Amino acid sequence: MLDAKHFRDGIEETAIQLARRGFTLDTDTLKALEAQRKELQVRTESLQSERNARSKEIGKAIGRGEDATPLKAEVGALGDQLDTAKAELQKVQAQLQEIILGVPNLPADDVPEGEDEEHNVEVTRVGEPPVFSFEPKDHVAIGEALQNGLDFETARKITGARFVVMKGAVARLHRALTQFMLDLHTEQHGYLETYVPVIVNHASLQGTGQLPKFGEDLFHVDGESQDKVAMSLIPTAEVPLTNFVRDEIVDEAELPIKLTAHSACFRSEAGSHGRDTRGLIRQHQFDKVELVQLVKPEDSMAALEELTGHAEQVLQKLGLPYRKVLLCTGDMGFSAKKTYDLEVWLPAQNTYREISSCSNMGDFQARRMQARLRRKGVKKPELMHTLNGSGLAVGRTLVAILENYQQEDGSVVVPEALRPYMAGAERITA
RNA sequence: GGUGAGGUGGCCGAGAGGCUGAAGGCGCUCCCCUGCUAAGGGAGUAUAGAGUUUAUAGCUCUAUCGAGGGUUCGAAUCCCUCCCUCACCGCCA
């Protein structure tokens with residue numbers, strides 16, 4: 001959510017900035033609503049003020065033993081006016097709120113302009129794609145060839161499309177990856193390990209920006225009655241982790257707060273029928289190790305570089321070739337101010353595929369969440385900045401390992417960094 | 001799931017229709033006093049929003065005592081619904 005100021009005096013400038021990321025701000029509607037809001041709010045508050053004062057007088061009159069009946073009637077009429085004004089104000093504010101909650105973040109100045117991923121800018125490329133003396137297979141072929149490996153058939157039977165069952169050494173490799181990532185981030189990068197709910201309430205989802213606009217991307221767990229608060233499965237642990245500080249004011253000395261968690265993530269993938277239907281790339285359920293940083297505003301851009309570097313470390317230690325891409329305005333997520341994607345090399349696809357997305361959200365989420373910090377000697381609290389990134393998507397990392405470390409005989413070499421987590425095993429064999 | 005008790009400011013805790021944005025205490029900040037320390041005295045100490053404004057300064061106003069609705073001229077206080085916490089019982093990984 002942007003500062004309300006952006007929709008008042010500087011609205012034209014805001015519209016220009018939003019146009020950079022392909023969002024059209026309806027300035028006419030906003031201006032009209034804003035004018036109504038101002039008028040109604042001023043009127044409502046002054047009516048309120050008057051009624052409060054008059055009601056107190058009634059109390060005093062009664063205290064003096066006077067007859068307050070005529071006064072009561074008068075103030076009662078005032079109350080009716082107030083109710084009308086209040087209702088109108090509420091309507092206008094709800095309309096404004098709905099629009100404002102649907103406006104994406106403003107891109108940072110150094111974000112390249114562009115409509116889609118075509119205009120993303122490659123920043124660095126690390127590692128060499130492996131050269132094979134044979135035709136490399138994709139992870140599905142590799143995983144299914146193993147006696148106990150990837151089993152999409154069983155998953156389809158017990159649940160449906162876009163789910164997987166992993167078995168044996170592949171399941172263990174998957175577990176090893178999460179262990180390795182968590183250890184790296186907690187022991188070397190200074191994150192606090194956490195375990196969090198994968199079902200969250202809607203206040204949390206609004207806080208990080210998934211709601212109200214992107215509800216169809218989520219799986220919902222509805223309450224059995226209308227009054228029950230509905231909840232949803234998290235699409236990323238960013239939601240629970242970032243919401244740690246919702247409605248909190250933290251002392252500046254406590255920042256930065258660096259959190260990591262391993263969790264299952266759930267995405268309905270509405271609208272991606274037919275995309276990446278084969279394999280583990282796009283699943284309804286997948287595991288991810290998430291990195292979240294809550295920082296002082298002036299530190300957030302540096303923190304983005306740092307956090308991205310932490311995710312890169314995972315790829316480097318696993319010996320996976322990747323590139324780092326700066327997303328253009330049109331390809332960024334709703335809440336992001338600046339985003340780097342890390343893309344890992346997938347031999348079978350002969351291309352780099354997203355395995356991590358690291359974003360600085362600025363104060364966008366913090367404003368929705370009322371997540372603030374208090375500086376020493378300053379009375380008024382200030383919005384903090386929030387960042388998050390995958391460190392990494394575990395399923396996709398598994399894909400990358402199977403494909404990049406595959407051998408002609410169908411076995412897969414275990415990267416050295418993972419061997420301690422695999423009882424020393426050097427390779428997975430058929 | 002059942003029964004009971006509760007949800008008030010950073011914390012503890014009063015208040016039971018008007019004079020309560022909220023007593024008192026603790027904590028914290030500043031000042032005074034005290035040759036260190038301890039003790040003592042004084043002042044201050046929520047958040048959000050609106051208007052005014054060059055201003056994130058001041059001033060004025062509004063809202064907030066778990067959430068939402070209702071009664072009333074007026075609700076922290078009364079009524080309803082929901083959420084949450086605690087205790088005991090049942091069930092359970």
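So that the names make sense, note that chain A is the first sequence line, chain B the second, and so on, each numbered from 1. Since this is a predicted model, take the numbers as computed values, not measurements.
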### Task
Could you check how far NZ of Lys56(A) sits from C1' of U72(B), rounded to whole Å?
17 Å
### Contact nearer the 5' end of RNA chain B, comparing Val42(A) with Leu71(A)
Val42(A)
### Query
Base, sugar-phosphate, or nothing for Leu78(A), non-hydrogen atoms under 4.0 angstrom?
nothing
#### Entry: U3(B) versus G24(B) - spacing of their P atoms, nearest Å
41 Å
### Summary
By ring pair (Phe, Tyr, Trp, His ring centres under 6.0 Å), His385(A) pairs with (sequence neighbours left out) none
### Between Ser204(A) and Asn201(A), a side-chain donor and acceptor under 3.5 Å
yes
### Query
Base, sugar-phosphate, or nothing for Ile58(A), non-hydrogen atoms under 4.0 angstrom?
base
### Task
For nucleotides G17(B) and A76(B), find the distance between their P atoms and express it as a whole number of Å.
13 Å
### Query
What does Gln370(A) touch in the nucleic acid at a heavy-atom separation under 4.0 angstrom: a base, only the sugar-phosphate, or nothing?
sugar-phosphate
### Task
Would you please confirm or rule out a distance under 4.0 Å between OP1 or OP2 of G51(B) and any side-chain N or O of Arg37(A)?
yes
### Query
Among all residues two or more places apart in sequence or in another chain, which pass the ring pair (Phe, Tyr, Trp, His ring centres under 6.0 Å) test with Phe334(A)?
Phe214(A), Phe364(A)
### Message
Considering only residues two or more places apart or on different chains, which pairs with a residue in residues 380-404 of chain A satisfy salt bridge (Lys or Arg N to Asp or Glu O under 4.0 Å)?
### Response
Arg375(A)-Glu382(A)
### Under-4.0 Å side-chain N/O to phosphate OP1/OP2 contact, Arg51(A) with G74(B)
yes
Just list the side-chain donor-acceptor pairs under 3.5 Å for residues 413-425 of chain A, sequence neighbours left out, or say none.
from	atom 1	to	atom 2	distance (Å)
Arg419(A)	NE	Val414(A)	O	2.8
Arg419(A)	NH2	Val414(A)	O	2.9
Tyr421(A)	OH	Asp183(A)	OD2	2.6

### Query
Between His262(A) and Asp287(A), is any side-chain donor less than 3.5 angstrom from a side-chain acceptor?
yes
### Query
Does a side-chain N or O from Arg374(A) land closer than 4.0 Å to OP1 or OP2 of A46(B), or not?
no
### Query
Whole Å only: how far is the NZ atom of Lys86(A) from the P atom of A50(B)?
18 Å
### Query
Quick one: do the Thr429(A) and Ser411(A) side chains pair a donor with an acceptor below 3.5 Å?
no
### Query
In whole angstroms, how far is the C1' atom of C73(B) from the NZ atom of Lys60(A)?
15 Å
### Task
May I ask you to say what Arg54(A) touches in the nucleic acid, namely base, sugar-phosphate or nothing, with a heavy-atom cut-off under 4.0 Å?
nothing
### Task
Would you mind listing every side chain to side chain donor-acceptor pair (under 3.5 Å) that reaches into residues 157-178 of chain A, with sequence neighbours excluded?
Asp151(A)-Lys167(A)
Identify the pairs formed between an N or O of the protein and an N or O of nucleotides 57-62 of chain B at a distance under 3.5 Å, and give each distance.
from	atom 1	to	atom 2	distance (Å)
C61(B)	O3'	Ser49(A)	OG	3.1
U62(B)	OP1	Ser49(A)	OG	3.2

### Task
Could you measure between the two P atoms, the one in C73(B) and the one in U85(B), and give it in whole Å?
38 Å
### Leu25(A) and Phe7(A): CA distance, side-chain angles, deciding distance, side-chain contact (heavy atoms from CB on, under 4.5 Å) verdict
CA-CA 10 Å; Leu25(A) 188 66; Phe7(A) 304 109; 4.1 Å; yes
### Message
Roughly how many Å apart are U8(B) and G13(B), using the P atom of each and rounding to a whole number?
### Response
9 Å
For residues 250-261 of chain A, which side-chain donor-acceptor pairs fall under 3.5 Å, sequence neighbours excluded?
from	atom 1	to	atom 2	distance (Å)
Asp251(A)	OD1	Ala253(A)	N	3.1
Glu252(A)	OE1	Lys296(A)	NZ	3.3
Glu252(A)	OE2	Lys376(A)	N	2.9
Lys258(A)	NZ	His189(A)	O	2.9
Lys258(A)	NZ	Glu306(A)	OE1	3.4
Thr260(A)	OG1	Glu290(A)	O	2.8

### For atom CG of Leu82(A) and atom P of C73(B), their distance in whole Å
14 Å
#### Entry: G2(B) to G90(B) separation - P atoms, rounded to the nearest Å
16 Å
### Task
Find the distance Arg367(A):CZ to U47(B):P and express it as a whole number of Å.
17 Å
### Task
For Arg43(A), report the nucleic acid contact type (base, sugar-phosphate, nothing); a contact means any heavy atom under 4.0 Å.
nothing
### Task
Any pair with a residue in residues 99-116 of chain A that passes salt bridge (Lys or Arg N to Asp or Glu O under 4.0 Å), sequence neighbours left out, goes on the list, sorted by first then second residue, please.
Arg20(A)-Glu113(A), Asp110(A)-Lys338(A)
### Watson-Crick or G-U stems involving RNA chain B, each at least 3 pairs long, distances under 3.5 Å, ordered by first number
B:1-7 with B:83-89, B:10-12 with B:24-26, B:27-32 with B:40-45, B:46-52 with B:58-64, B:66-70 with B:78-82
Extract from the structure each pairing of a protein N or O with an N or O of nucleotides 91-93 of chain B at less than 3.5 Å, listing the distance.
none

#### Entry: Sequence-distant partners of Glu144(A), side chain to side chain contact (heavy atoms under 4.5 Å, CB included), two or more places apart
Val140(A), Phe152(A)
Name each donor-acceptor pair under 3.5 Å that joins a side chain in residues 82-107 of chain A to protein atoms two or more places apart or in another chain, with its distance.
from	atom 1	to	atom 2	distance (Å)
Thr84(A)	OG1	Asp80(A)	O	2.9
Asn105(A)	ND2	Ser335(A)	O	3.0
Asn105(A)	ND2	Met361(A)	O	3.0

### Message
Can you see if the side chain of Lys38(A) gets near the phosphate of U52(B) - specifically, an N or O under 4.0 Å from OP1 or OP2?
### Response
yes
